[in-house]
2 protein chains.
Amino acid sequence: MKLYTKAKRRYIYGMENSENSYPRPIVSVDLAIFALTAAGLEVLLAQRGARPFEGDWALPGGWIHVDEDDDLEAAARRVLNLKTGIVAPYLEQVGVSGDAKRDPRGWSLSVTYMALISPDDVTLRHGGNMTEAAWRPIIADGVDGPLAFDHAAILKTAITRLRSKVEYSTLPVHLLPHAFTLSELQMVYERLLGRSLDKSAFRKRIAEVDFIEPIEGEMRRASNRPAQLYRLKQVHATVFFDRTI
Amino acid sequence: MKLYTKAKRRYIYGMENSENSYPRPIVSVDLAIFALTAAGLEVLLAQRGARPFEGDWALPGGWIHVDEDDDLEAAARRVLNLKTGIVAPYLEQVGVSGDAKRDPRGWSLSVTYMALISPDDVTLRHGGNMTEAAWRPIIADGVDGPLAFDHAAILKTAITRLRSKVEYSTLPVHLLPHAFTLSELQMVYERLLGRSLDKSAFRKRIAEVDFIEPIEGEMRRASNRPAQLYRLKQVHATVFFDRTI
DNA sequence: TAACTTAGTTGACAAAACACACTAAGCTGT
DNA sequence: ACAGCTTAGTGTGTTTTGTCAACTAAGTTA
């Protein structure tokens with residue numbers, strides 16, 4: 001670090017006006033993208049096409065582009081769109097993982113976001129330093145097989161967050177397509193919780209927190225009575241129940 | 001960025017083995033340190049002694065020392081110890097704030113931790129680029145007066161997190177000293193919630209989640225019946241109630 | 001049009017929360 | 001010594017809430 005003058009170092013770091021010239025950690029944004037398919041809850045993984053961990057599977061992610069991303073969420077949104085084509089997902093910051101050893105290239109820091117999407121909305125893409133992308137089922141607290149970096153631990157945190165929010169929030173709606181029936185919503189909860197719920201009690205809970213609205217005119221068919229279709233209310237931040245579902 | 005060869009840039013960034021030479025964001029760790037005093041819930045603020053925001057009040061924080069801090073939590077612990085002398089606090093990651101504009105020096109990222117401490121344990125210190133440290137009462141969602149950077153928003157997030165956890169977790173114990181009575185614990189909840197609780201119901205809740213234990217032999221005096229002293233159980237991660245307190 | 005399927009509602013019973021009154025155990029002043 | 005005060009800690013009846021199962025509704029199929 002003694003090779004350059006202080007001014008030059010500042011220039012290199014992009015800190016012409018700064019008093020700080022500490023070495024900076026590497027910063028990336030990683031995504032735990034969840035979807036509920038026929039196989040159950042799945043997470044989108046990408047196979048790394050470059051060192052380190054070349055060939056290993058990892059959570060999709062990327063560097064922050066300081067000249068392109070306005071903020072962290074924008075960076076997460078950019079990565080998500082790159083991999084799935086999705087534009088307006090449910091996105092939630094899960095946490096940060098940072099230490100000296102998780103990346104062999106140096107002290108690094110990964111900001112994790114979790115995204116909940118409907119599998120209908122996805123068109124998988126890959127490229128850049130990711131050679132392949134695939135859905136992998138969630139087994140217990142993670143996926144089968146190892147993951148690059150500390151992504152197994154990060155994924156575990158995201159799964160825990162998701163599971164705990166299922167118990168007492170409206171979050172699972174985001175795993176459904178735009179329009180859905182109450183029975184479908186109940187099934188989402190049941191599959192995530194791994195237990196069956198009472199229809200009457202479930203509907204009471206849903207009615208208490210007023211977060212969905214019927215869509216007029218439409219119904220959905222099987223060989224039985226058709227069900228009312230619903231959608232998320234316009235301005236909806238995840239609402240919490242004051243009791244478990 | 002074109003002034004230097006790729007290899008030189010790598011050297012400067014401390015990334016001799018890296019394929020990445022993106023410009024990196026500035027990274028810091030900031031702390032929302034809460035304590036419950038006679039005046040109510042208070043947060044520890046530090047007055048900045050250097051640009052930017054020189055003279056303004058801010059959450060105590062600092063850069064990550066990549067050669068000293070093993071991980072993010074260690075960095076938070078170092079900052080906390082520096083300001084308060086506390087060694088084993090309750091520390092919880094609240095979130096990350098990062099965008100292009102929050103710091104005039106460039107794209108920056110702040111990892112926020114919240115700490116809950118007993119005011120008895122503190123010996124305030126200051127120095128470095130902080131000229132002064134002081135406890136400031138929490139009013140509504142923040143403190144009276146402006147804060148440096150986006151610390152008002154960060155503090156608001158931390159307060160929200162704290163308040164919501166009070167309703168359904170054992171977290172408030174960390175605002176008490178090592179030994180305490182059930183009445184004191186109830187008072188902590190009441191002051192944080194801003195409403196009174198039923199003694200009988202409160203004790204039932206506390207007994208349900210088995211997280212404190214009586215300390216033998218000791219009592220605490222006033223001019224009345226003495227109360228049993230309790231302490232946190234050894235291995236205690238914050239436990240959640242399945243109902244509001 | 002009877003039998004079947006899933007949607008959506010109602011109501012009786014049981015369990016839990018709530019409010020409040022009670023007992024317990026110390027101190028203080030006369 | 002003991003009445004009266006204060007705070008600790010427990011018990012109880014009422015009201016609210018959750019649970020479970022049966023019921024009605026509205027379509028399809030043969």
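Keep in mind it's a predicted model, so treat the numbers as computed, not measured. In what follows, chains are A, B, ... by sequence order, proteins preceding strands, each numbered from 1.
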Nearest-Å distance, CE (A/Met187) to P (C/dA7)?
7 Å
Counterpart residues, salt bridge (charged side-chain N to carboxylate O under 4.0 Å, His left out), relative to B/Arg77 (two or more places apart):
B/Glu73
Can you tell me how far C1' of D/dG18 sits from CZ of B/Arg243, to the nearest Å?
10 Å
Return the 5'-most residue of the pair A/Leu229, B/Thr244 with respect to DNA chain C, ranking by each residue's nearest nucleotide.
A/Leu229
Extract all donor-acceptor atom pairs below 3.5 Å that involve side chains of residues 111-118 of chain B and protein atoms in other chains or at least two apart in sequence.
from     : atom 1 : to       : atom 2 : distance (Å)
B/Tyr113 : OH     : B/Gln93  : NE2    : 3.3
B/Ser118 : OG     : B/Asp120 : N      : 3.4

Please identify each residue that fulfils side chain to side chain donor-acceptor pair (under 3.5 Å) with A/Arg78, with sequence neighbours left out.
A/Asp69
Using residues 143-151 of chain A as the side-chain source, report each donor-acceptor pair under 3.5 Å to any protein atom, sequence neighbours left out, with the distance given to one decimal.
from     : atom 1 : to       : atom 2 : distance (Å)
A/Asp150 : OD1    : A/Arg102 : NE     : 3.0
A/Asp150 : OD1    : A/Arg102 : NH2    : 3.0
A/Asp150 : OD2    : A/Ser97  : OG     : 2.5
A/Asp150 : OD2    : A/Arg102 : NE     : 3.0
A/His151 : ND1    : A/Leu59  : N      : 3.0
A/His151 : NE2    : A/Asp30  : OD2    : 3.4

Sub-4.5 Å side-chain heavy-atom contact between B/Leu72 and B/Val29:
yes
Contacts satisfying salt bridge (charged side-chain N to carboxylate O under 4.0 Å, His left out) that involve residues 163-190 of chain B (not counting sequence neighbours) are B/Glu92-B/Lys165, B/Asp141-B/Arg163, B/Glu167-B/Arg195, B/Glu184-B/Arg220
Does C/dA17 have OP1 or OP2 under 4.0 Å away from a side-chain N or O of B/Arg205?
yes
Which whole-number value in Å describes the distance from B/Arg195 CZ to C/dC18 P?
9 Å
Detail all sub-3.5 Å separations between protein N/O atoms and N/O atoms belonging to nucleotides 5-16 of chain D.
from   : atom 1 : to       : atom 2 : distance (Å)
D/dT7  : O4'    : B/Asn224 : ND2    : 2.6
D/dA8  : OP1    : B/Ser183 : OG     : 2.9
D/dA8  : OP2    : B/Ser183 : OG     : 3.0
D/dA8  : N3     : B/Arg225 : NH1    : 3.2
D/dG9  : OP1    : B/Gln228 : N      : 3.0
D/dG9  : OP2    : B/Arg203 : NH2    : 2.6
D/dG9  : O5'    : B/Arg203 : NH2    : 3.0
D/dG9  : N7     : B/Lys199 : NZ     : 2.4
D/dG9  : O6     : B/Lys199 : NZ     : 3.2
D/dG11 : O6     : B/Ser200 : OG     : 2.9

